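Beneath this line is the structure, given in structure tokens, with notes to follow.
Counting convention: from 1, in listed order, for ligands and their atoms alike. No experiment lies behind these values; they were computed from the predicted model shown.
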Amino acid sequence: MEFEIYKELGIDEKVLKLSSEVMDELKERFETIDEIAEYNQMKVLKAMQECRVAEAHFGTSTGYGYNDDGRDTLEKVYAKTFHTEDALVRAQITCGTHALHLALSANLRPGDELLSPVGKPYDTLEEVIGIRPSVGSLKEYGVSYRQVDLLEDGSFNYEAIKEAINEKTKVVTIQRSKGYASRPTFSVNQIGELIAFIKGIKPEVIVMVDNCYGEFIEKIEPSDVDADMIVGSLIKNPGGGLAPIGGYIAGKKECIERCAYRLTSPGLGKEVGASLGMNQTFFQGFFLAPTVSAGAEKGAIFAAAIYEKLGYKVIPSSREIRHDIIQAVEMRSPEGLIAFCKGIQAAAPVDSYVSPEPWAMPGYDDEVIMAAGAFVQGSSIELSADGPLRPPYTAFFQGGLTFNHARFGIMMSVQKLLEAKIIEL
Ligand SMILES: *Cc1c(COP(=O)(O)O)cnc(C)c1O
């Protein structure tokens, strides 16, 4: 390793040594990830070539955005890559939650029921669904909700799922990534088994998979195992770190059509929606997404390995197969969590000189600390960490536009723990 430059950046020799040791242990692991990234890179490239992506597609549109060939071709590229009939990829989709709400509200009607067979969904979906009372929730529109929790060992409760499916069940929502819950993330094959089971009981049901943080981590996506819609955010994996906004929904033609009419208006659908200069960035970000996601995944594994060595509990472990890019590290004390986040912040390319402090964030019971120095606000494909100030003081770490940067962030977090005398090396 280039010791000098790291020392100039404030990293102790002992941290460097530890980092080098961990790197040696991970070589084989990383080869597998590179191989998946290589395959996915070719998958995206092939889709771009088959869709005849051209320089002309990088033009922009304003106003209504009629005849925006670039936008329409981008949606074809997404559909081809994810092996779906159609896709909606828009700057007008403001974030992942919006994309998920769009997919659900477009495909559910009053009197229908939504089923989550994988336990409680991501925090922000509680208000979308109306689990927590909220203005404009699906519940307000007469859509009921049913949930089947996972079994204690994290597996699907098939018996209870069978019982929960009824004549009202219209849409099933499956969250691929654990998000910030403590359950395991599901592999695409596990999701496929669950979908097959559900469609065996009720074939006409629409299955939506929340694909956030999961894109390009495996060679297949949930759309390859019969999901009717996959949904995600462009400021996570598929934006490749370049997209400054946006969301996508890829899936069956009639599902996407309903989403388009919901996003814009009945009668208008996909025909409108100016791309406002985003086309080139969205194409280029999607092109980079397989390697950027792989870099973030390697960063998560590096974090797991180094913190395991330091005696911390990490989820998942450094040896487990991954299905998303989130890493949890139980820091055991408020001081530990704060030092971890201060390290991530100090490693950022933007706002590295500020120091994150815990604060009472709206919607959370405990104080939360967040570290991010990103080019795109809130982008979690960029190096970031956060965690609520409550036992076991878990730091959630994700992102890094390059593996080198993700690794440096983790080294800096260890450095801060060392300086605060929370660990010894
Ligand atoms: C990030 C995320 C969301 C919500 O996305 P936002 O862009 O933050 O609104 C939903 N589900 C999962 C699993 C996520 O990781």
Taking the six-membered ring for Trp, are the ring centroids of [X] and [Y] within less than 6.0 Å of each other?
X: Y393; Y: Y312; result: no
X: F82; Y: Y248; result: yes
X: F156; Y: F186; result: yes

For [X], the ligand 1 atoms whose distance to one of its heavy atoms is below 4.0 Å:
X: Y213; result: 15 (O)
X: T97; result: 4 (C), 5 (O), 6 (P), 9 (O)
X: L100; result: 10 (C)

Any N or O of [X] closer than 3.5 Å to N or O of ligand 1:
X: T124; value: no
X: S177; value: no
X: G96; value: yes

Which atom pairs, one a donor and one an acceptor, fall under 3.5 Å between side chains of residues 373-380 and the rest of the protein, sequence neighbours left out?
from, atom 1, to, atom 2, distance (Å)
S379, OG, I235, O, 3.4
S380, OG, Y213, OH, 2.8

Could you tell me which residues satisfy side chain to side chain donor-acceptor pair (under 3.5 Å) with S384, sequence neighbours excluded, listed by chain and number?
->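 Once residues adjacent in sequence are excluded, the partners of S384 under the side chain to side chain donor-acceptor pair (under 3.5 Å) criterion are Q398.
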Within less than 4.0 angstrom of ligand 1, does G179 place any heavy atom?
->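 Checking ligand 1 against G179, which is what was asked, there is no heavy-atom contact under 4.0 Å.
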